[in-house]
Number of protein chains: 2
Amino acid sequence: MASPESNSAEASDTRDRVIDAAEKLFAEQGFEAVSLRQITAQADVNLAAVNYYFGSKEGLIVEVMARVVGPINERRLVMLDEAESEAGGEAVEVKRILEAVFLPLMASMNESEHSRKVMLKLAGRCMSETGSEMPEVVGRLFREVADRFCAALSRALPHLAEAEVYWRMHFTIGAMLYALNQHETLVLLSNGRVEADDAEKALQELVAFTAGGLCAENVSCGKGAGK
Amino acid sequence: MASPESNSAEASDTRDRVIDAAEKLFAEQGFEAVSLRQITAQADVNLAAVNYYFGSKEGLIVEVMARVVGPINERRLVMLDEAESEAGGEAVEVKRILEAVFLPLMASMNESEHSRKVMLKLAGRCMSETGSEMPEVVGRLFREVADRFCAALSRALPHLAEAEVYWRMHFTIGAMLYALNQHETLVLLSNGRVEADDAEKALQELVAFTAGGLCAENVSCGKGAGK
DNA sequence: TGACAATTAAAACAAGTGTTTTAAACGTGT
DNA sequence: ACACGTTTAAAACACTTGTTTTAATTGTCA
């Protein structure tokens, strides 16, 4: 009768193995595409363990996402705090805001060996899936960071109307997620001119592009202005 | 024995109804999430009709995608052709290249009444789904346009290395698709500061942002340059 | 009208899903 | 050593999926 979820301190071997396997498989194939039987087979664990430990498949998804995205968002807020206190009362410059968004994600990719592509695709997937495919609980994990960074951007870009800040922040997220999610597509499409696994370069390009987009005053650019 | 797919000229009522229903449902819920029973019920048609006319579910997906995305890509190429011939031998300016990418999509949203959100979500979905969820045939629909626009951008942005053009084009696509796919999220997140269904404004903001990103030389911007 | 093909309809199929149930094994504290 | 709660194991359940099969119906041309 007692729920196994209540004892959080005790480490169950099979419980962790389930989460590890789920993280890997979710990253590779998406939440819906992966079956509990795949997960439990990968974890070398009985099928019923998932419903025993997590209540349901959705419960497992929430657990996995929280473990992956929680630390990243924490570090994002820390970096933004640091930048804001360094700036005193002044607005933080756009470049630093963007780095506070991107760096923690990139860093967590380099932490563990296998986590590189896992985190990458998982993070990308977590927002490319819409509505019903994505438990609302997971969405809530991002609400706080989104609000904080929106406020910071508004201060850094006072020449933009409030709605424009939201638009551009939206585009920024899209650029980042698509870059993560479809990285292989880029490597393939560029015929090797873009190297795989060059996280350094990716971050550099991403910051350059999104900063340029966020700070843009108008669209006149390159060869002469429009007629 | 004869395959019904061979007679393309004849218009079968139920065949069209299946495609219409599938387009709507795929747009709302994604390719995998929609079952053939949902589609045939919506179309008021027998279940077996799908396999009869399209061979399989994947065959139906290809048909739907081709019908939606084909005309859009054709118009994109036409607009790029026009811009290039207008420019003579000169490079087309970035703003016009971007409009050639975005305008046909926006325009097709305003064509038919119901197609607004349908096309929107469908187009967004067509690239946010990765690998196995997306038949390779559909991906091929975009190969030609991608190559043409990459070449145009390379000419318009000669100061960028080739790899950088690919990176930034990638980010551009990401911004566009995310804007389409997660538009409701933006409306919600902005607390009404961003209005729904304002395609005009969306295009304007998208062009401004992506042009700024594509043309960016460096990331110094806003309040003072980085330390 | 009769025959033959194209189309629609209904039912069944085989496989896979998440979940639940029922037992067995394990570990721990008395 | 015994009993009790926790954890694993195996099977079954109820349901949905895409696909096939089998029949009935329709339409068209000779």
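Chain letters run A, B, ... following the sequence lines, proteins first and then strands; every chain starts at 1. Quick caveat: nothing in here was measured; it's all calculated off a predicted structure.
Rounding to whole angstrom units, CG of residue B:L60 and C1' of D:dT17 are separated by 15 Å. Atom NZ in B:K57 sits about 15 Å away from atom P in D:dT20, given to the nearest Å. When the C1' atom of C:dT21 is taken as reference, atom CG of A:L47 falls 12 Å away, rounded to whole Å. Note: CD (A:E32) to C1' (D:dT17) measures 13 Å, nearest angstrom. The CZ atom of B:R15 sits 11 Å away from the P atom of C:dT8 (whole-angstrom rounding). For the pair B:I39 CD1 and D:dT17 C1', the interatomic distance rounds to 12 Å; values are reported in whole Å. As rounded to whole Å, 7 Å separates atom P of D:dT6 from atom OH of A:Y52. When rounded to the nearest whole Å, the span between CZ of B:F31 and C1' of D:dG18 equals 17 Å.
The side chain of A:T14 contributes an N or O atom lying less than 4.0 Å from OP1 or OP2 of D:dT8. Residue B:S56 places no side-chain N or O under 4.0 Å from the OP1 or OP2 atom of D:dG18. Proximity of A:S35 to the phosphate of C:dG16: no side-chain N or O atom is located under 4.0 Å from OP1 or OP2.
In the set D:dG18, C:dT17, C:dT19, the nucleotide with an atom closest to the side chain of B:L36 is D:dG18. Out of D:dT8, D:dT19, C:dT7, the shortest distance to the side chain of B:Y53 is found at C:dT7. Taking every side-chain heavy atom of B:N46 into account, C:dT8 is the closest of D:dT17, D:dA10, C:dT8.
Across the interface with DNA chain D, nearest-nucleotide mapping of A:R37 and A:D44 shows A:D44 to be the residue nearer the 5′ end.
Closest non-hydrogen pair, B:S108 versus B:R75, comes out as CB-NH2, 4.3 Å.
A:R148 and A:D81 are joined by a salt bridge, as a carboxylate oxygen and a charged side-chain nitrogen come within less than 4.0 angstrom of each other.
No more than 12 heavy-atom neighbours from other residues, nucleotides or ligands sit within 6.0 angstrom of CD on B:E144.
Contact annotation: the side chain of B:L214 never approaches that of B:I97 to less than 4.5 Å [non-hydrogen atoms, C-beta and beyond].
Aromatic ring pairs are classed by plane angle as parallel below 30°, tilted from 30° to 60° and perpendicular above 60°; the pair B:F209 and A:F171 is tilted.
At the heavy-atom level, B:A48 lies under 4.0 Å from base atoms of the strands shown.
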